[in-house]
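Only a predicted model underlies this, so the values are computations on that prediction, with no experimental measurement involved. Below, chain A is the first sequence line, B the second, and so on; all start at residue 1.
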Amino acid sequence: MFVQTHLRALNSQSAIAKSLVPTTAIPWNTRLRELAKQCLFSEALNLYRRMLRSGQSPNAFTFPFVLKSCASLSLSIAGKLLHGHVLKTGCEPEPFVQTSLISMYCRCSLLENARKVFDENPQSRKLTVCYNALLSGYTLNSKFSDAVVLFCRMREMGVAVSSITMLGLIPGCTVPMYLALGMCFHGCCLKCGLDVDFSVRNCLLTMYVKCGSVEDARSLFDAMPEKGLITWNAMISGYAQNGFPTEVLDLYREMKLIGVHPDPVTLVGVLSSCTHLGAHSVGREVERQIQLCGFDLNPFLKNSLINMYARCGNLVKAHEIFDSMPEKSIVSWTGVIGGYGVHGHGEIALQLFEEMIKTGIRPDKTVFVSVLSACSHSGMTDKGLEYLSAMQHKYGLQPGPEHYSCVVDLLGRAGRLKEAEDLIRLMPIRPDGAVWGALLNACKIHKNVKLAELAFEKVIELEPANIGYYVLLSNIYSDAENLEGVLKVRVMMRERQLKKEPGCSYVEFSGKVHVFLAGDRTHPQTADIYGMLNELESSVKELVGSNGEDRKRWKNEEQLLGEGVHSEKLAIAFGLLNTSPGTEITVIKNLRACEDCHLFIKLVSGIVDRKFVVRDATRFHHFKDGVCSCRDYW
DNA sequence: CTAGGGTTAG
């Protein structure tokens with residue numbers, strides 16, 4: 001529809017013929033430039049149509065703006081027509097027009113047309129700007145090797161390299177494979193003195209970030225005497241993308257302290273870090289900031305807020321924001337679906353998924369990860385299998401390892417270990433560590449030492465440095481009272497020089513984060529906390545005595561105390577000390593929550609009038625009145 | 001011709 005309107009407009013070539021009418025193009029061009037500058041591209045094209053209709057002939061100062069509008073809207077056919085107009089008016093040799101044409105074709109992914117324009121004009125082969133246009137076009141269309149070849153030719157021909165040349169080239173090095181080449185470009189920038197350019201530095205910073213070299217990015221960042229908003233944003237989102245949420249929050253604080261005002265891009269990075277940390281209060285603060293700055297309607301931010309609230313357990317708020325969105329993208333849907341799923345409301349998650357399909361959105365691979373994990377969290381095993389099949393046959397999506405790991409988890413938690421193992425063997429793609437890891441985890445739950453040994457062997461082949469799997473196997477041996485096995489794993493870990501990351505838990509309380517390590521005695525309330533724990537433990541022991549099932553799971557307390565009191569227990573006691581009855585206490589643990597602590601907290605929740613939410617590395621546990629929401633766990 | 005942005009599981 002849209003394209004056709006423009007085509008019709010541009011087809012009125014008669015206007016070109018009428019171009020003898022002696023009026024001036026200057027006011028038209030001025031207005032066109034304004035519209036293009038404000039990104040009002042379809043209005044610019046409309047204006048161009050009016051210009052032709054009124055008999056005014058376009059000139060070399062008209063085309064750059066109109067071509068840019070076409071390029072931004074990816075209107076390739078209209079762009080070709082415009083090329084015809086250019087030829088008719090004979091202003092093709094103008095460098096402005098040349099670069100606009102090349103860029104237009106590149107943005108429409110018509111690289112051959114772009115190359116033709118470049119090749120057919122001998123003068124353009126001497127101009128930096130024309131090389132720049134084609135170079136960035138190649139990079140944009142993932143033809144990075146062509147860009148590099150052109151860059152080499154440019155240098156051979158002795159054409160001057162500008163900062164914009166580097167800006168077209170460097171974004172091609174955003175995968176680790178090309179980092180070495182990117183570092184050569186960095187050297188090239190230094191040699192040519194282009195590194196003083198603000199944009200070039202920001203671009204290099206982003207390159208390091210995208211390649212995962214966060215340290216290199218940081219040293220570049222620190223070395224920049226003045227930092228613009230984009231610099232801060234590049235570093236903040238760089239940390240966010242590479243999984244350094246605490247660094248994000250630190251940098252955000254620092255940035256505000258210096259007086260740099262955040263924009264939506266900054267806040268998206270900050271919110272995603274809040275999501276990963278479960279930092280509810282910082283997240284709420286960011287929401288206030290969003291309202292204060294008037295960014296309320298930004299859909300990116302709304303999606304980030306949905307995710308943040310959903311992850312922090314405020315599903316009501318997440319749903320509210322979701323409802324407030326006039327246009328819900330698949331990311332918005334994925335956010336709420338994942339939110340309900342992860343908190344054990346699998347039925348609602350699936351209902352939402354079906355609703356999404358009804359609105360005509362095509363599901364993607366990511367939303368299926370949320371759907372499958374929702375099934376796993378709520379123990380809806382067969383439903384999950386149905387969705388895996390629907391994903392392939394109904395929606396034509398090839399499941400990736402991330403989907404298989406969810407399904408292995410799903411089957412494994414349900415105790416269907418044989419099926420899980422068969423699935424791995426039959427899956428058409430190579431399983432990754434997470435797939436075997438999910439099986440290993442299932443072996444822990446269902447105490448299957450033999451299969452665990454197999455899963456461990458496979459998983460360690462793929463991720464030899466992942467400590468979590470060694471700990472898991474060691475715990476499986478320890479459950480089976482296989483001391484030899486435990487020692488074997490310990491030796492293996494020592495040989496490979498792997499150290500267990502200390503477990504820690506934290507609670508947000510009155511705007512501060514209180515962190516506890518196992519056996520921690522550094523907190524100012526230590527005495528009260530241990531006093532509280534002693535009391536709770538004696539009450540809980542009585543309860544265990546009266547319940548057969550729990551007694552089976554209850555281990556010797558001394559065994560636990562070997563490493564000091566577990567951090568989640570300390571956090572729970574701290575929360576109890578500082579809150580009044582009826583409140584909800586959220587504890588976040590960096591590793592997996594301990595099985596015995598899980599039972600302990602469950603029982604405590606039956607004694608005291610509190611709701612506990614424990615978030616560990618893999619899932620959420622909601623405890624209330626002596627019951628835990630995760631039906632399928634342990 | 002030109003630098004920064006959203007989702008997932010284990």
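By the 30° and 60° cut-offs, the orientation of the rings of Tyr131(A) relative to Phe118(A) is perpendicular.
The side chain of Ile230(A) has dA3(B) as its nearest neighbour among dA9(B), dA3(B), dG5(B). Closest to the side chain of Asn233(A), out of dG5(B), dG4(B), dA9(B), is dG4(B). For Val268(A), whose side chain is taken as the heavy atoms from C-beta onward, the closest listed nucleotide among dG10(B), dG5(B), dT8(B) is dG5(B). Distance from the side chain of Val369(A) is smallest to dT8(B) among dT7(B), dA3(B), dT8(B). Closest to the Pro264(A) side chain, of the nucleotides dG10(B), dT8(B), dG5(B), is dG5(B).
Between Arg311(A) and dA9(B) there is a side-chain polar atom (N or O) within less than 4.0 angstrom of OP1 or OP2. For the pair Arg413(A) and dA9(B), the criterion of a side-chain N or O lying under 4.0 Å from OP1 or OP2 is not met.
Judged by atom type and distance alone, Ser329(A) reaches the base of dG6(B) through a side-chain donor-acceptor pair under 3.5 Å. Residue side chain Asp263(A) reaches the base of dG4(B) through a donor-acceptor N/O pair under 3.5 Å, judged by distance alone.
Checked against side chain to side chain donor-acceptor pair (under 3.5 Å), Thr62(A) has the following partners two or more places apart in sequence or in another chain: Asn29(A), Asn59(A). In this view, Glu354(A) and Tyr387(A) satisfy the side chain to side chain donor-acceptor pair (under 3.5 Å) rule, not counting sequence neighbours.
Residue side chain Phe198(A) fails the stacking definition with respect to dA3(B), as its ring centre and the base's six-membered ring centre are not both under 5.5 angstrom apart and under 30 degrees in plane angle.
Ion pair Glu386(A)/Lys383(A) flagged as a salt bridge, since at least one NZ, NE, NH1 or NH2 atom sits closer than 4.0 Å to an Asp/Glu carboxylate oxygen.
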